[in-house]
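First the structure, in the form of structure tokens, and then the observations on it.
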Amino acid sequence: MDRKMRLLFILTLVMSLAASGFLQACQRKPEDADIRPEEVIGQVELPDLDNADKNGADQDHIETSARQTRKDRIPAASIPDDVDTQLPDFTRYKDVEEKKKAFFDFLRPIVRKENHKVLKQRAYVLLKWQRFARGQELSEREIQHLNALAEKYRVDAVYDQGEVFFRKMLIHVDKIPVSLALIQAAKESGWGTSYFAREGNNLFGHWCFKKGCGIIPRQRPEGATYEVRTFDDVADSVRAYIRNLNSHPAYREVRMQRYRMRLAGKQPDAHLMAGGLEHYSGIGMKYVETLREMIQGNEKFMGIHEPAARS
């Protein structure tokens with residue numbers, strides 16, 4: 001009997017310790033939980049580009065130099081705690097200008113909130129890069145988190161590669177200008193009125209290739225297997241869009257333009273970054289021209305009256 005009691009006691013103790021460890025893991029804060037991006041971004045000198053990547057810069061707009069990082073702190077944008085992520089019925093608007101404004105007013109806070117999550121990750125990487133550049137060692141947990149972020153953003157490098165790793169990470173992990181996201185959403189979803197937007201919360205024309213992952217287009221070519229991806233809400237769609245531009249090999253030039261602007265101490269610019277989106281559509285550079293025209297033509301409806309640093 002005593003032996004059974006001892007075994008029961010040990011089993012209870014093990015289960016209690018396991019439950020305690022599980023609860024601690026669940027309650028553990030994310031690595032970037034307490035980071036304020038506006039206090040980090042622009043304050044840490046970035047790894048420079050190699051000569052091949054520098055040569056792709058648009059010198060009429062950007063003067064690239066790793067020594068020109070901003071010394072003034074970027075003011076924090078107002079990020080609402082709660083945003084509406086369920087797509088309204090934009091088909092009810094008869095007035096075109098009213099519909100545009102309503103579409104932008106709905107989507108803008110969602111884009112800002114999702115961008116803010118990415119900027120917290122960027123600030124985390126910047127802080128670790130700063131320590132690495134000073135010769136300070138990172139913990140195993142920090143290295144694991146960095147490598148996990150690299151995998152998430154499809155960065156073809158690991159922490160052991162040092163400066164190369166951090167440069168690639170900082171090229172990939174960054175925000176998308178709000179105006180670019182708004183305009184691409186408007187273009188791809190017909191101002192939120194397309195069938196795929198209404199039925200699948202898909203505002204950016206995302207495809208998927210696993211059976212049942214989305215909606216089969218009525219005019220899908222014979223033999224094609226893609227579907228138009230469905231999302232639980234619009235925030236999921238925006239999150240996937242930002243991750244797509246930050247990770248897909250087809251949009252490397254989008255990321256390079258953004259990094260060159262960062263090196264020059266400038267904020268990412270929608271007009272310049274749009275130049276790297278020729279592969280987003282089958283019409284190539286015509287798509288880029290359309291985006292740029294839409295950005296310029298709809299600026300007054302976007303409601304982005306804050307400084308560029310907040311976009």
Side-chain angles (χ1 to χ4, degrees), residues 37-77 111-112 114-127 129-130 133 153 155 163-164 166-184 241-280 285 288-289 291-292 294-296 299 302 304 306-311:
E38 66 277 4
E39 295 180 355
V40 178
I41 297 172
Q43 310 306 311
V44 178
E45 190 171 291
L46 299 172
D48 207 351
L49 290 170
D50 57 34
N51 290 330
D53 286 326
K54 282 182 181 178
N55 291 337
D58 185 343
Q59 294 297 340
D60 291 335
H61 295 85
I62 309 170
E63 182 182 356
T64 54
S65 170
R67 308 295 176 258
Q68 288 181 284
T69 51
R70 294 171 63 95
K71 299 304 178 186
D72 56 313
R73 288 192 172 180
I74 299 171
V111 175
R112 283 201 171 119
E114 293 304 319
N115 261 338
H116 187 70
K117 296 176 183 177
V118 177
L119 289 176
K120 285 173 74 70
Q121 295 173 340
R122 178 177 182 80
Y124 178 85
V125 176
L126 279 167
L127 290 173
W129 155 245
Q130 186 178 54
Y153 285 97
V155 176
E163 182 174 339
V164 170
F166 281 104
R167 178 171 61 246
K168 290 185 176 183
M169 286 287 285
L170 291 166
I171 288 171
H172 281 254
V173 186
D174 204 348
K175 71 176 181 177
I176 303 299
V178 173
S179 54
L180 182 59
L182 295 182
I183 288 301
Q184 278 204 272
Y241 161 76
I242 293 174
R243 185 170 176 178
N244 187 32
L245 294 196
N246 277 339
S247 62
H248 199 288
Y251 311 123
R252 179 182 183 275
E253 188 54 32
V254 172
R255 299 187 290 272
M256 293 308 302
Q257 285 283 10
R258 179 178 61 193
Y259 195 69
R260 294 178 192 119
M261 286 180 258
R262 289 292 197 187
L263 283 172
K266 302 177 184 296
Q267 284 293 305
D269 178 81
H271 186 272
L272 285 178
M273 287 176 62
L277 288 170
E278 61 179 298
H279 299 300
Y280 203 96
M285 287 307 295
V288 171
E289 294 169 9
L291 289 181
R292 286 174 165 171
M294 289 182 68
I295 291 169
Q296 185 174 358
E299 187 176 0
M302 291 189 196
I304 305 177
E306 301 162 311
R310 294 191 176 188
S311 65

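Numbering starts at 1 and runs along the sequence shown.
Looking at residues two or more places apart in sequence or on another chain, you find a side-chain hydrogen bond (donor to acceptor under 3.5 Å, both in side chains) between K168 and D156. Every side-chain hydrogen bond (donor to acceptor under 3.5 Å, both in side chains) that R258 has, sequence neighbours left out, goes to N246. In this view, Y259 satisfies the side-chain hydrogen bond (donor to acceptor under 3.5 Å, both in side chains) rule with no residue, not counting sequence neighbours. Among residues two or more places apart in sequence or in another chain, the ring pair (Phe, Tyr, Trp, His ring centres under 6.0 Å) test is passed with H279 by none. Looking at residues two or more places apart in sequence or on another chain, you find a side-chain hydrogen bond (donor to acceptor under 3.5 Å, both in side chains) between E114 and K117, R239. Residues passing the ring pair (Phe, Tyr, Trp, His ring centres under 6.0 Å) test with Y251, sequence neighbours excluded: H248, Y280.
Annotation: side chain of V173 is not in contact with side chain of V155 (no heavy-atom distance under 4.5 Å). Side-chain contact between L182 and I304: present, with at least one pair of heavy atoms (C-beta onward) separated by less than 4.5 Å. The shortest side-chain heavy-atom distance between I176 and M273 falls under the 4.5 Å cut-off. Contact annotation: the side chain of I171 approaches that of R167 to within less than 4.5 Å [non-hydrogen atoms, C-beta and beyond]. Counting heavy atoms from C-beta outward, H116 and R112 have side chains that stay 4.5 Å or more apart. Contact annotation: the side chain of D174 approaches that of L119 to within less than 4.5 Å [non-hydrogen atoms, C-beta and beyond]. Contact check for Q184 versus M294: no side-chain heavy atoms found under the 4.5 Å cut-off.
Note that the OH atom of Y153 and the CZ atom of R255 stand 11.5 Å from one another [nearest 0.5 Å]. Remark: L180 CG to R292 CZ distance equals 10.5 Å, nearest 0.5 Å. Rounded to the nearest 0.5 angstrom, E278 CD and E253 CD are separated by 9.0 Å. Separating the NZ atom in K120 from the CD1 atom in I41 is a distance of 10.5 Å, to the nearest 0.5 Å. Note that the NE2 atom of H271 and the CD1 atom of I183 stand 12.0 Å from one another [nearest 0.5 Å]. The CD atom of Q257 sits 14.0 Å away from the CZ atom of R262 when rounded to the nearest 0.5 Å.
The environment of CD in Q296 is sparse: at most 12 heavy-atom neighbours from other residues, nucleotides or ligands sit within 6.0 Å.
For D48 against E163, the heavy-atom pair with the smallest separation is N-OE2, 4.3 Å. K175 and P268 get closest at one heavy-atom pair: CE-CD, 3.9 Å. When all heavy atoms of V288 and A274 are compared, the closest pair comes out as CG2-O, 3.3 Å. The two residues P47 and L170 have their closest heavy-atom pair at CD-CD1, 3.7 Å.
Remark: side-chain polar atoms of W129 are not paired, donor with acceptor, to backbone N or O of Y124 under 3.5 angstrom.
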Show your reasoning for whether side-chain contact (heavy atoms from CB on, under 4.5 Å) applies to L49 and M256.
CA-CA 10 Å; L49 290 170; M256 293 308 302; 3.6 Å; yes
